[in-house]
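In what follows, a single structure is set out as structure tokens and then discussed.
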Amino acid sequence: MRSTESNVTQSITQVIAASSLGTLIEWYDFYIFGSLAVIIGQQLFPSDAGASALINTLAIFAAGFIVRPFGALVFGRLGDLIGRKYTFLLTLVLMGGSTFLIGLIPSYSSIGYAAPILVLILRLVQGLALGGEYGGAATYVAEHAPVGKRGFFTSWIQTTATLGLFLSLGVIVLAKNILGAKNFADWGWRIPFLVSILLVVVSIYIRMKMHESPVFSKLKAEGKVSANPLKESFQKKANFKMVLVALFGATMGQGVVWYTGQFYAQSFLENTCKLDFNESRYILLWAIVFATPFFVIFGSWSDKVGRKWIMLTGMALGVICYRPIYQYFLDATNVKEMQKTMLLSESEPVIERALVPNKADSLITTTVTKTLTNGMTFKESKVEVTTEDVLAEVPGVQTVIKDVTLSTQSYIMVIALVFFQILLVTMVYGPIAAFLVELFPTQIRYTSMSLPYHIGNGVFGGLVPFIATLIASFQGSTPLSGLWYPIGIAALSFVIGAVYIDNRRGDNVMD
């Protein structure tokens with residue numbers, strides 16, 4: 001008996017390791033783009049595009065999420081027809097190839113608007129591939145997992161999204177520190193895209209050695225494979241109802257919590273609070289390290305108490321806590337007010353001159369690094385122009401604050417608050433793979449679970465950075481205005497989930 005249990009544990013461990021590595025690499029590929037949005041925007045659009053370059057880049061980033069449901073339909077159908085293994089092997093090849101090619105595309109200065117168009121096309125391919133990856137990996141692991149431990153085992157797959165983000169941030173910070181800020185912004189940003197091909201090759205090799213899911217193999221041997229997974233998933237009333245419940249009562253809220261805590265937090269700290277590039281990423285890296293084990297903790301706990309209330313509690317806490325958290329971010333980085341009473345010292349000014357295109361004028365940027373009594377530092381830049389030997393401020397250009405580094409106390413507190421947001425991510429995301437797998441029958445499981453997951457996570461969640469940044473940019477908006485989008489979606493999902501979701505905790509997936 002012990003030998004049999006040991007073999008089962010060894011088998012599922014190998015399945016998780018093989019599935020997780022490939023899924024981690026796909027998330028790494030997908031999230032490099034978001035982690036480098038500011039720098040990529042400067043490469044893809046004209047130098048005078050200003051804030052619109054970031055918004056346009058986030059729109060390209062969001063496009064990859066929008067097409068994920070279509071990928072779920074295409075690859076979900078393939079997964080239910082030909083099997084789990086070969087379908088998410090194909091998605092890995094598409095994702096890895098697209099990521100590598102993004103690293104090779106010339107900048108706007110070389111090929112003009114062809115640059116963002118080509119990147120958009122590759123992002124769409126990435127989104128389609130990812131739309132087929134997650135459902136395959138989650139289904140594959142769940143169909144290997146023993147009854148009563150499905151939440152525990154599938155939660156390891158759930159860690160890969162956050163660990164993929166961690167890996168992308170780590171590679172970016174390492175490359176930037178080695179190359180220096182200027183070289184990294186000029187060409188070094190391509191390195192994280194290019195090196196991913198090595199990771200993809202290794203993952204393909206491992207996945208080639210995997211066996212098909214035993215549940216699907218049994219179904220195929222009995223001749224019960226669905227002839228039309230799309231029709232069975234969405235034309236049968238009972239199953240379509242479950243698709244809608246999964247979307248609006250679970251994955252929609254889970255998606256906005258995920259992308260608020262792990263993407264909008266970084267974007268807000270860097271672009272709104274003007275935190276230093278490395279500082280914002282170190283904060284997220286530390287928070288991810290501390291929070292990641294809770295995916296497994298909440299996944300395992302859901303095997304005992306059920307999936308429903310763990311997920312809904314994460315959504316409710318997000319609704320309540322987001323505005324106070326982001327208000328603290330603003331207060332902790334409000335150096336304009338702090339320097340009035342806390343200024344300790346300032347460096348000698350650094351003066352840079354640049355010719356105005358097509359004019360004889362010169363732009364003069366004067367930058368001073370200031371230190372406050374609490375240990376915070378920041379750079380204050382003022383732009384002026386020389387016109388016929390007359391020095392004057394450029395109309396409409398104000399003094400700019402950038403590269404803020406926090407005091408030790410604020411730094412620890414911001415890490416704690418980002419950690420708390422990722423803790424909410426683990427609550428909503430840890431149990432959701434098991435929840436979705438148990439919701440649908442084997443012959444249409446890949447298709448049925450993939451669509452609500454990728455609409456909720458990819459569309460509602462993936463649009464958080466873009467929509468929140470766009471809302472906050474409207475005239476009359478405040479920096480916190482963008483939070484109403486994830487708060488509203490999470491609140492709606494909580495209400496629907498509380499009413500319509502059953503508290504599942506280990507339903508049979510063998511049909």
Side-chain angles (χ1 to χ4, degrees), residues 15-33 61 63-102 121-144 154 156-161 163-165 167-168 193 196-213 216 229-230 233 251 433 436-437 444-459 462:
V15 166
I16 290 171
S19 301
S20 297
L21 178 61
T23 308
L24 183 150
I25 291 169
E26 291 214 28
W27 284 115
Y28 165 82
D29 287 354
F30 201 69
Y31 288 139
I32 297 170
F33 195 95
F61 180 61
F65 291 95
I66 293 173
V67 298
R68 276 170 56 178
F70 298 100
L73 292 175
V74 172
F75 293 107
R77 181 176 182 274
L78 286 176
D80 284 327
L81 288 174
I82 67 173
R84 293 33 170 147
K85 171 185 172 179
Y86 292 105
T87 300
F88 63 66
L89 188 61
L90 175 60
T91 63
L92 181 60
V93 172
L94 290 174
M95 174 68 79
S98 299
T99 301
F100 181 75
L101 291 175
I102 288 177
I121 292 171
L122 291 173
R123 281 296 296 174
L124 295 176
V125 174
Q126 283 186 321
L128 289 170
L130 193 61
E133 166 66 19
Y134 175 82
T139 300
Y140 188 76
V141 171
E143 290 179 348
H144 278 84
T154 57
W156 290 96
I157 287 289
Q158 305 304 82
T159 67
T160 60
L163 290 176
L165 175 59
L167 183 61
S168 72
F193 288 94
S196 72
I197 198 69
L198 301 175
L199 303 175
V200 171
V201 169
V202 172
S203 184
I204 289 173
Y205 174 77
I206 293 173
R207 283 197 172 182
M208 288 291 291
K209 295 180 174 296
M210 295 166 63
H211 300 291
E212 184 54 82
S213 154
F216 183 83
L230 293 177
S233 293
T251 63
L436 291 172
V437 167
I444 56 171
R445 178 172 294 135
Y446 200 146
T447 303
S448 296
M449 73 167 284
S450 291
L451 185 67
Y453 174 81
H454 286 293
I455 293 178
N457 203 302
V459 177

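To the nearest 0.5 Å, atom CD1 of residue I121 and atom CD of residue Q126 are 13.0 Å apart. Annotation: the span from I197 atom CD1 to I204 atom CD1 amounts to 7.0 Å, rounded to 0.5 Å. With rounding to the nearest 0.5 Å, the separation of CD1 in I455 from CD1 in I66 is 12.0 Å. Rounding to the nearest 0.5 Å gives a distance of 9.5 Å between CG of L167 and CG of L165.
With a 4.5 Å cut-off on side-chain heavy atoms, T154 and V437 do not count as touching. Contact of the V67 side chain with the L128 side chain is registered, since non-hydrogen atoms from C-beta on lie closer than 4.5 Å.
Nearest approach of A129 to L94, heavy atoms of both residues: CB-CB, 3.9 Å. Contact record, H454 with P69: O-CG, 3.7 Å, taken as the closest heavy-atom pair. Closest non-hydrogen pair, S196 versus F100, comes out as OG-N, 4.5 Å.
L122 meets the side chain to side chain contact (heavy atoms under 4.5 Å, CB included) test with S98, L101, I102, I105; sequence neighbours excluded.
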side-chain contact (heavy atoms from CB on, under 4.5 Å) assessment of V200 paired with T99: CA-CA 10 Å; V200 171; T99 301; over 6 Å; no
